[in-house]
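Report on the following structure.
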Amino acid sequence: MRFTIFQDSHIGERKSNQDRLAYSYSKDVLLMVVADGMGGHARGEIAAEITIETITNRFQQEARGPLRRPLEFLESTFFSAHRAIVSYADTNRMLECPRTTCVACIFQNGKAYWAHSGDSRLYVFRDGKLAANTIDHSRVRQLIDAKVITETDALTHPDRNKIYNCLGGVLPPIVTPSAEWQLQVGDTFMLSSDGFWAPLAIPELAQRVRQQTVMDLIPDLMVQARKAAGEDADNLSVIAATWESQDQEAPNANVTSTEPMEGFSTTTAANNTTQQMRAMRDDISDEDIAKAISEIQDAIKRVGK
């Protein structure tokens, strides 16, 4: 496979970054996943951390070749992450379970598959237009669908941050899968938290994707989104990938080619638990950090598949 990929995450104007994101690939399959820990609930960063770890771990166990049923894999891993979050909260006797939204996407055999829970979004851009996207599990989306408000109204609606579906909630998550998507050269996918997509207009994104590579575009968009959000800027996180010509005779220094690779390569951003916990509280000891990391890993192991 040949693709160009770039990811970035920024704290925005918050006290800590509760977003987590990663991509992992073998010679046959690419996985991208973004989790946005919910700041209105306890330890959203833990829920996001567990989600990323659960999904990438399962991917590396099962994607020894092309996944047999990619959409079933995504749905299953979302539920595994949900159970691991609940297990973590139970073990630590938390009064409230940590929660996170999530969106994930797989490339394999020239096709793409994705799934989401909450309002972390996926966009597909083709030929300067938005070709496909996820639909938020949110209150304002319900109002838009009911024609009570418009898309423009939703940007400033008082309920714009209210979602009815997530991982770690009281009820098991609703996981919405995509249809199978046949990839074409130049297709660009963006997976992001609401801190990134909310301040940016889709038509402008579509045009700029057509004019710039994701390597050049995403850093500029991160700055633009932060400025547009101003003092209210949330954590901003995005993974963007462009499907390239599969012709090996067309070299490009920025294109990732998985053909000669054995095993897996995984790249994460803003998901170093030790660093994040240090940023939140300077008085956390090394023992406390090690214990928290161990508890996260134990929660993931307990739920298995």
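If you read the sequence from its start, that first residue is 1, and numbering goes on from there.
Within a 6.0 Å sphere centred on NZ of Lys111, heavy atoms belonging to other residues, nucleotides or ligands number more than 12.
You'll find the ring centres of Phe264 and Phe59 inside the 6.0 Å limit. Checked against the 6.0 Å centroid threshold, Tyr113 and Phe107 do not count as a close aromatic pair.
Tyr23 and Gln7 are not linked by any side-chain donor-acceptor pair at a separation below 3.5 angstrom, with hydrogens and angles left out of the test. Side-chain atoms of Thr213 and Asp216 include a donor-acceptor pair closer than 3.5 Å.
The CD1 atom of Ile163 lies 5.0 Å from the CG atom of Asp119; values are rounded to the nearest 0.5 Å. Taken to the nearest 0.5 Å, the CE atom of Met32 stands 4.0 Å off from the SG atom of Cys105. Taking CG from Asp136 and OG from Ser117, the interatomic distance works out to 11.5 Å, rounded to the nearest 0.5 Å. Between Ile239 atom CD1 and Leu21 atom CG the span is 4.5 Å, to the nearest 0.5 Å.
Checking Thr100, Asp36, Thr101 one by one against Ser120, the side chain to side chain donor-acceptor pair (under 3.5 Å) holds for a single residue, Thr101. The side-chain contact (heavy atoms from CB on, under 4.5 Å) test with Met190 is passed by exactly one of Leu122, Ile218, Val124, Val214: Ile218.
The pair Arg210-Asp127 does not count as a salt bridge, with every side-chain nitrogen at least 4.0 angstrom from each carboxylate oxygen.
A donor-acceptor contact shorter than 3.5 Å links the side chain of Ser193 to the backbone of Ser237. Asp90 places no side-chain N or O within donor-acceptor distance of the main-chain N or O of Ser87, the cut-off being under 3.5 Å.
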Does the pair Thr188 and Thr242 meet the rule for a side-chain hydrogen bond (donor to acceptor under 3.5 Å, both in side chains), with working shown? CA-CA 4 Å; Thr188 295; Thr242 299; 2.8 Å; yes

Under the side-chain hydrogen bond (donor to acceptor under 3.5 Å, both in side chains) rule, what do Thr91 and Arg302 come out as? Steps first, then yes or no, please. CA-CA 11 Å; Thr91 298; Arg302 278 195 297 272; 2.9 Å; yes

Given Gln212 and Gln207, is the side-chain hydrogen bond (donor to acceptor under 3.5 Å, both in side chains) satisfied, shown in steps? CA-CA 9 Å; Gln212 295 176 269; Gln207 286 301 314; over 6 Å; no

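No side-chain heavy atom of Leu30 sits under 4.5 Å from any side-chain heavy atom of Gln108. Taking 4.5 Å as the limit, some side-chain heavy atom of Trp181 sits within range of a side-chain heavy atom of Asp187. Glu75 places none of its side-chain heavy atoms less than 4.5 Å from the side chain of Pro177.
Remark: His137 engages His116, Tyr164 in a ring-ring contact (aromatic ring centres under 6.0 Å, His included) (not counting sequence neighbours).
Here the closest non-hydrogen pair linking Ser16 and Asn235 is O-ND2, 3.0 Å.
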